[in-house]
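Remarks on the structure that follows.
Lettering follows sequence order; numbering is per chain, from 1.
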Amino acid sequence: MDEIVVECRELTRRYGDFVAVDSLDLTVRRGEIFGLLGPNGAGKTTTILMLLGLTEPTSGSVRVLGLDPTRQPLSIKARVGYLPDQVGFYDGLTARENLSYIAKLNGIRGREMQERIREALEQVGLSDVADRQVRTFSRGMRQRLGVAEVLLKRPQLIVMDEPTLALDPEAVREFLELIRRLKSDGITIMLSSHLLHQVQAVCDRVGLFHKGRMVLEGTVRDLAQRVPGGAYRIHLEAEGGPAVEDALRRLPDVIQVTCDGAQTYHIEARSDLRADVARSVIEAGGKVLALSADIPRLDEIYARYFQKKEVAYAGAA
Amino acid sequence: MLAQREHVLIGQQREGSPWTGLWAVVAKEMADHLTSVRMLILEALIVLTASGTVYAATQSLRAGAGGSFLFLNLFTTAREPLPAFVGFLGLLVPLIGIALAFDAVNGEFNQRTISKILAQPIYRDALLFGKFLAGLGALALTLSAIWLLIIGLGLLQLGAPPDGEEVVRILWFLLVTIFYGGIWLALAMLFSIVFRQPATAALASIAVWLFFTAFWGIIASLLAQLLRPAPPGDTLALIEQVQLELALARISPNTLYAEVALATLNPAVRALGLILPIQLHGAVPGSPLPAAQSVLLTWPHATGLIAATILIFALGYVLFQRQEIRA
């Protein structure tokens with residue numbers, strides 16, 4: 001399936017002199033998980049608001065599901081679910097009551113509404129607490145209730161703004177799991193985050209934002225190759241003692257070698273050095289027991305990219 | 001940015017009705033109002049004052065004070081140390097109006113629900129108008145209940161039903177009271193759009209109310225004396241001065257409401273404001289005016305109150321439409 005769900009052309013939004021989004025070109029296809037990544041203030045939220053017609057573009061065009069957000073906001077909002085940054089609820093109402101308000105705003109009523117609420121609560125695993133007041137919910141539960149609200153309208157596209165912010169690691173893991181399940185149901189998902197490493201695992205494609213511009217776009221592996229100098233982490237288990245460590249340090253492109261325990265080494269390198277590492281261990285008279293490499297971390301790619309560009313901003317998370 | 005928006009509004013037609021989802025908002029807000037502790041306190045307060053003052057009034061009336069129009073006297077008869085019920089209304093109705101709306105919009109911002117609600121397939125119009133209607137509905141419901149309570153108390157204590165004239169006057173007064181509350185509701189809602197803190201919005205609303213209650217009369221009188229000085233002995237200038245003062249005083253919704261209360265609940269009042277002896281030629285002093293005539297007499301006041309409500313709401317509406325929703 002290659003259908004285009006979101007398409008922005010030279011999308012620009014100015015607030016006075018400040019350019020929040022600067023001629024953005026963006027295409028998202030059906031069934032993708034697309035990550036809008038970048039530090040706070042890079043223009044992610046403004047982009048999202050323009051997609052939903054909640055803020056009007058200064059210039060450029062947006063198409064969401066083939067519709068224009070400024071002309072047909074109701075049709076878009078009926079088909080697109082939006083989970084805002086730290087979504088809020090009516091704390092005095094129960095989870096079910098919060099959901100039924102949203103359902104009614106979408107024109108869903110009666111038995112259909114009850115059925116959809118039950119379904120949505122089940123999908124996010126909140127069926128047991130449906131009749132508890134939302135004020136008693138933990139952050140993770142609130143976030144999942146937010147997803148339930150979005151699922152009520154059976155959206156074709158879900159847009160999430162900083163969905164993992166302020167969640168504990170376990171809740172983040174559960175949440176990303178939920179996102180993967182939604183993708184397998186055929187829903188297109190866009191999510192924004194400044195916690196790059198948290199979301200890189202779920203995104204099919206990412207766009208890196210910086211000062212209103214999307215500076216890099218592609219799969220995480222693509223980006224790693226396109227930005228030379230992105231760090232690779234190589235994990236090595238080898239016998240051989242200090243001689244091995246010395247040999248590793250002498251390899252070109254190695255940034256750092258750390259050793260924890262007697263046999264485990266972590267090597268940070270500018271390129272994928274696995275073959276060279278294996279050779280040098282053997283040449284130093286050691287024995288390779290295990291060797292693996294991490295995919296480059298997005299925040300490192302991001303930081304390197306801007307170091308290269310001599311931009312002061314470094315490190316995104 | 002404004003130019004941008006105008007371009008969009010003029011150049012393009014929005015799809016669908018601005019009232020999509022209105023009733024969902026009204027139902028939810030109304031339910032919130034009716035179950036809220038805030039409303040409970042206000043209701044308790046108003047029931048207490050109503051039953052207290054009206055009971056005191058029935059005691060006076062049974063003792064023989066007041067003549068015809070017993071039911072109207074229920075509203076207006078004071079017995080020490082309590083003022084009459086209308087006196088309390090002038091205070092309580094703005095209070096209810098303000099209490100129902102001072103956190104209407106900024107509350108949604110502070111709860112971080114606004115962006116989520118506006119991401120549903122409704123326009124901002126529906127949200128704001130729904131909130132206003134729900135507030136007005138809650139206000140109307142409360143006041144109607146109080147009115148019925150008063151009539152019930154009157155029936156029990158006085159043992160006579162109200163006649164048609166009285167019913168018309170009482171209902172007219174109820175309607176005007178609701179719109180008097182509507183002004184304060186719209187004002188508090190306006191401040192809830194302007195100020196991000198509900199406490200600031202509440203305080204600003206109360207400040208406006210206090211200004212009109214306590215100071216506007218003095219200011220109107222000073223302004224009149226300044227703009228139309230009346231040298232001693234110049235009757236014509238004096239009349240002009242008094243008329244200007246009255247016109248200025250009527251800018252205040254409190255003055256308008258007080259005049260409506262006076263003319264509606266006291267059938268003997270034939271005119272509001274300055275009357276010259278010539279104009280009274282041929283009138284039978286003290287004879288009651290028919291209800292329809294009293295309604296006619298207060299019609300401009302009622303229109304003024306409704307117009308002010310609409311104006312304030314419209315101002316809030318424009319501000320809300322232009323507001324950036326990102327928190």
Q. Between A/L83 and chain B, which part of the residue has a heavy atom less than 4.5 Å away: side chain, backbone, both or neither?
A. neither

Q: Output yes when A/E119 and A/R116 qualify as a salt bridge under the 4.0 Å nitrogen-oxygen rule, no when they do not.
A: no

(Q) Ignoring hydrogens, what is the shortest heavy-atom contact between A/R132 and A/T136? Give both atom names and the distance. (A) NE-OG1, 3.2 Å

Q) Think B/K131 forms a cation-pi with B/F320, using NZ or CZ under 6.0 Å from the six-ring centre and within 45 degrees of its axis? A) no

In a table with atom names and distances, give each donor-acceptor pair under 3.5 Å that connects a side chain of residues 171-194 of chain B to protein atoms at least two apart or in another chain.
{"residue": "B/W172", "atom": "NE1", "partner": "B/T298", "partner atom": "OG1", "Å": "2.8"}
{"residue": "B/T177", "atom": "OG1", "partner": "B/F173", "partner atom": "O", "Å": "2.6"}
{"residue": "B/T177", "atom": "OG1", "partner": "B/Y257", "partner atom": "OH", "Å": "3.0"}
{"residue": "B/Y180", "atom": "OH", "partner": "B/N254", "partner atom": "OD1", "Å": "3.4"}
{"residue": "B/S192", "atom": "OG", "partner": "B/V105", "partner atom": "N", "Å": "3.1"}
{"residue": "B/S192", "atom": "OG", "partner": "B/M189", "partner atom": "O", "Å": "2.8"}

Side-chain polar contacts of residues 101-109 of chain A - donor-acceptor pairs under 3.5 angstrom, sequence neighbours left out - could you list them?
{"residue": "A/N106", "atom": "ND2", "partner": "A/I102", "partner atom": "O", "Å": "2.9"}
{"residue": "A/N106", "atom": "ND2", "partner": "B/Q120", "partner atom": "OE1", "Å": "2.7"}

What pairs of donor and acceptor atoms, side-chain ones from residues 137-152 of chain B against any protein atom, are under 3.5 angstrom apart with sequence neighbours left out?
{"residue": "B/T142", "atom": "OG1", "partner": "B/A138", "partner atom": "O", "Å": "2.6"}
{"residue": "B/S144", "atom": "OG", "partner": "B/A140", "partner atom": "O", "Å": "2.6"}
{"residue": "B/W147", "atom": "NE1", "partner": "B/I170", "partner atom": "O", "Å": "3.1"}

Q) Going by residue number, which parts of residues 31-38 of chain B are within reach of chain A, meaning a heavy-atom gap below 4.5 Å? A) B/D32

Q. Is it true that the NZ or CZ of A/R142 lies under 6.0 Å from the centre of A/F89's six-membered ring and within 45 degrees of the ring axis?
A. no

Q | Engaged part of A/E149 at the chain B interface, taking heavy atoms whose separation is under 4.5 Å | A | side chain

Q.
Only pairs of heavy atoms separated by less than 4.5 Å count here; which of B/G16, B/A119, B/A27 has the most with chain A?
A. B/A119

Q | Proximal component of A/S100, with respect to chain B [non-hydrogen, under 4.5 Å] | A | neither

Q: Using a strict cut-off of less than 4.0 Å between a Lys/Arg side-chain nitrogen and an Asp/Glu carboxylate oxygen, indicate whether A/R63 and A/E7 qualify as a salt bridge.
A: no

